[in-house]
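A short worksheet on the structure shown next.
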Amino acid sequence: VLQAINTGIENAEGKYFMVLDGDDWVDSGELDKLIGKLQNCDSDLVLANRVIYYENDSTEERIIDYKGIEYNKEFDNNILSYENGIKFSSAFIKTQLIKDSKYRCLEHCFYEDLQFDAYITYLAQSFTYFDYYIYKYRLGRPGQSVSIESYRKNIKMQERVTIELLKFYQENCIGINENKKKCIINRIVQAERAMIGTYLSFPLSNEINKKIQDNVSTIKAIKDSTLIAYLKRNIKGFRFLYNINLYPIISFAYRRVRNI
């Protein structure tokens with residue numbers, strides 16, 4: 001399962017490629033409608049809407065990730081903004097485009113979908129957005145990889161993905177279009193927010209101290225003011241991590257709020 005994205009890329013034969021997590025599913029009726037549209041679509045990227053299914057009470061919430069974008073019209077991918085950060089659960093990439101690229105996700109690792117999001121954002125030059133709610137994203141299942149318990153258990157996986165995202169950004173994204181850059185930063189923020197939240201769920205130790213300082217040093221070394229500004233703006237407490245003396249206070253408050 002943990003190498004499914006790469007295996008799928010290597011073996012895919014259709015016109016467009018989509019990632020589907022093992023505990024999620026698609027609305028087959030909505031997918032059929034989209035497939036009908038794809039016959040006359042040649043955009044690098046196809047975007048759609050999605051549905052969050054809440055396991056605890058069996059309710060659904062319709063999600064529009066790309067607000068303000070007109071449906072059924074092709075656009076240059078550079079018009080998307082930070083708020084429109086592309087998510088695998090509402091995106092389809094041209095199969096040949098991703099197959100021909102050198103980019104592959106980490107294997108034997110959760111959270112690698114954030115890498116996939118960044119890669120397809122970087123690769124795509126055009127997109128078309130359709131008003132179909134296709135992906136059904138399940139939340140609230142016990143043991144789910146996005147639960148705090150799973151985050152703490154799999155912190156090394158979070159670290160691997162975050163490091164790879166920062167490396168990809170440094171090597172490929174510093175000089176690209178600002179809007180596309182901010183879309184990719186959106187996924188880095190997601191990874192950093194989850195990882196820092198996991199760190200804060202533990203009491204301060206020498207190991208946690210070193211991990212935080214290594215992370216801050218890696219970000220500083222990239223020397224990109226846009227990245228640092230968005231991390232500070234969108235992750236509560238991020239700016240305080242530059243002063244490790246404040247960690248015990250932030251960690252205590254975080255654990256009280258989360259009842260950890």
Side-chain angles (χ1 to χ4, degrees), residues 1 4-101 103 105 112-141 144 146 179-180 183-184 186-187 190:
V1 174
I5 294 179
N6 292 343
T7 301
I9 291 171
E10 298 303 327
N11 291 278
E13 297 181 354
K15 185 175 180 180
Y16 286 92
F17 180 84
M18 173 192 182
V19 172
L20 179 66
D21 267 359
D23 54 357
D24 301 331
W25 70 102
V26 298
D27 184 310
S28 57
E30 292 283 277
L31 181 60
D32 284 344
K33 294 175 185 176
L34 177 64
I35 290 172
K37 294 283 189 179
L38 295 185
Q39 295 176 7
N40 298 311
C41 180
D42 199 44
S43 298
D44 289 343
L45 193 64
V46 168
L47 304 178
N49 298 320
R50 61 194 172 105
V51 176
I52 295 179
Y53 174 81
Y54 296 96
E55 184 82 13
N56 59 335
D57 59 5
S58 301
T59 58
E60 293 187 345
E61 179 185 3
R62 289 191 161 199
I63 303 296
I64 299 176
D65 288 314
Y66 311 106
K67 294 178 181 178
I69 306 297
E70 187 177 345
Y71 292 123
N72 306 310
K73 182 178 178 181
E74 185 173 85
F75 291 95
D76 187 302
N77 196 31
N78 292 335
I79 75 161
L80 291 173
S81 65
Y82 173 85
E83 289 72 22
N84 298 133
I86 290 171
K87 301 170 182 64
F88 79 94
S89 52
S90 53
F92 303 73
I93 185 74
K94 258 191 175 176
T95 302
Q96 203 58 48
L97 186 61
I98 189 70
K99 285 174 78 77
D100 290 345
S101 77
Y103 304 113
C105 299
E112 81 287 7
D113 52 87
L114 292 170
Q115 281 184 283
F116 183 77
D117 295 343
Y119 294 162
I120 64 176
T121 302
Y122 177 78
L123 289 170
Q125 299 301 317
S126 60
F127 73 91
T128 301
Y129 181 29
F130 293 102
D131 187 20
Y132 299 124
Y133 291 83
I134 295 171
Y135 198 103
K136 299 272 192 161
Y137 182 74
R138 187 193 307 267
L139 272 183
R141 181 178 62 80
Q144 200 165 16
V146 293
N179 284 342
K180 180 177 281 193
C183 280
I184 294 170
N186 178 293
R187 311 324 288 150
Q190 174 88 1

With heavy-atom distances below 4.5 Å as the criterion, would you say the side chains of [X] and [Y] are in contact?
X	Y	result
Ile5	Val19	yes
Thr121	Cys183	yes
Gln190	Leu114	yes
Val51	Ile134	no
Asp27	Lys136	yes
Lys87	Asp113	no
Glu55	Leu139	no
Leu97	Asp44	yes

So how far is it from [X] [atom1] to [Y] [atom2], rounded to the nearest 0.5 Å?
X	Y	atom1	atom2	value
Glu70	Thr128	CD	OG1	11.0 Å
Ser43	Ile93	OG	CD1	10.0 Å
Tyr137	Ile52	OH	CD1	7.5 Å
Phe130	Lys73	CZ	NZ	13.5 Å
Tyr71	Leu47	OH	CG	10.5 Å
Asn11	Lys99	CG	NZ	6.5 Å

Give the minimum heavy-atom separation between [X] and [Y], together with the two atoms involved.
X	Y	value
Tyr103	Ile98	O-CD1, 4.4 Å
Ile86	Ala91	CG2-CB, 3.8 Å
Ile69	Leu80	CD1-CD2, 4.2 Å

Would you say [X]'s side chain and [Y]'s backbone share a donor-acceptor pair under 3.5 angstrom?
X	Y	value
Lys94	Asp42	yes
Asn6	Cys105	yes
Lys15	Cys41	yes
Glu30	Tyr133	yes

What's the verdict on ring-ring contact (aromatic ring centres under 6.0 Å, His included) for Phe75 and Phe127, showing C-alpha distance, side-chain angles and the deciding distance? CA-CA 5 Å; Phe75 291 95; Phe127 73 91; 5.7 Å; yes
Hey, is Glu83 close enough to Lys67 for a salt bridge, meaning N to O under 4.0 Å?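 Looking at Lys67 together with Glu83, the answer is no, because their closest N to O distance does not fall below 4.0 Å.
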Any Lys/Arg nitrogen of Arg138 or Asp21 sitting under 4.0 Å from an Asp/Glu carboxylate oxygen of the other?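 Judged by the 4.0 Å cut-off on N to carboxylate O distance, Arg138 and Asp21 do not form a salt bridge.
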Among Asn49, Asn72, Asn84, which residue meets the side-chain hydrogen bond (donor to acceptor under 3.5 Å, both in side chains) test with Tyr129?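 The residue from Asn49, Asn72, Asn84 that satisfies side-chain hydrogen bond (donor to acceptor under 3.5 Å, both in side chains) with Tyr129 turns out to be Asn49.
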Answer yes if the side chains of [X] and [Y] hold a donor-acceptor pair under 3.5 Å, and no otherwise.
X	Y	value
Tyr54	Glu61	yes
Ser101	Tyr122	no
Asp24	Tyr135	yes

Counting the benzene-type ring for Trp, do Tyr16 and Phe92 have ring centres under 6.0 Å apart?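 No, ring centres 6.0 Å or more apart.
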Please confirm whether the ring centroid of Phe116 lies under 6.0 Å from the ring centroid of Phe88.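 Ring-ring flag for Phe116/Phe88: false, centres at least 6.0 Å apart.
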Within a 6.0 Å radius of atom CD on Glu10, are there more than 12 heavy atoms belonging to other residues, nucleotides or ligands?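 Counting other residues, nucleotides and ligands, CD of Glu10 exceeds 12 neighbours.
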One pair to check against side chain to side chain donor-acceptor pair (under 3.5 Å): Tyr53 and Thr59. What are the steps and the verdict? CA-CA 6 Å; Tyr53 174 81; Thr59 58; over 6 Å; no
Side chain to side chain donor-acceptor pair (under 3.5 Å) partners for Asp65, two or more places apart: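 Result, side chain to side chain donor-acceptor pair (under 3.5 Å) vs Asp65: Arg50, Ser90.
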Does the side chain to side chain contact (heavy atoms under 4.5 Å, CB included) test come out yes or no for Ser126 and Asn77, once each step is laid out? CA-CA 5 Å; Ser126 60; Asn77 196 31; 5.8 Å; no
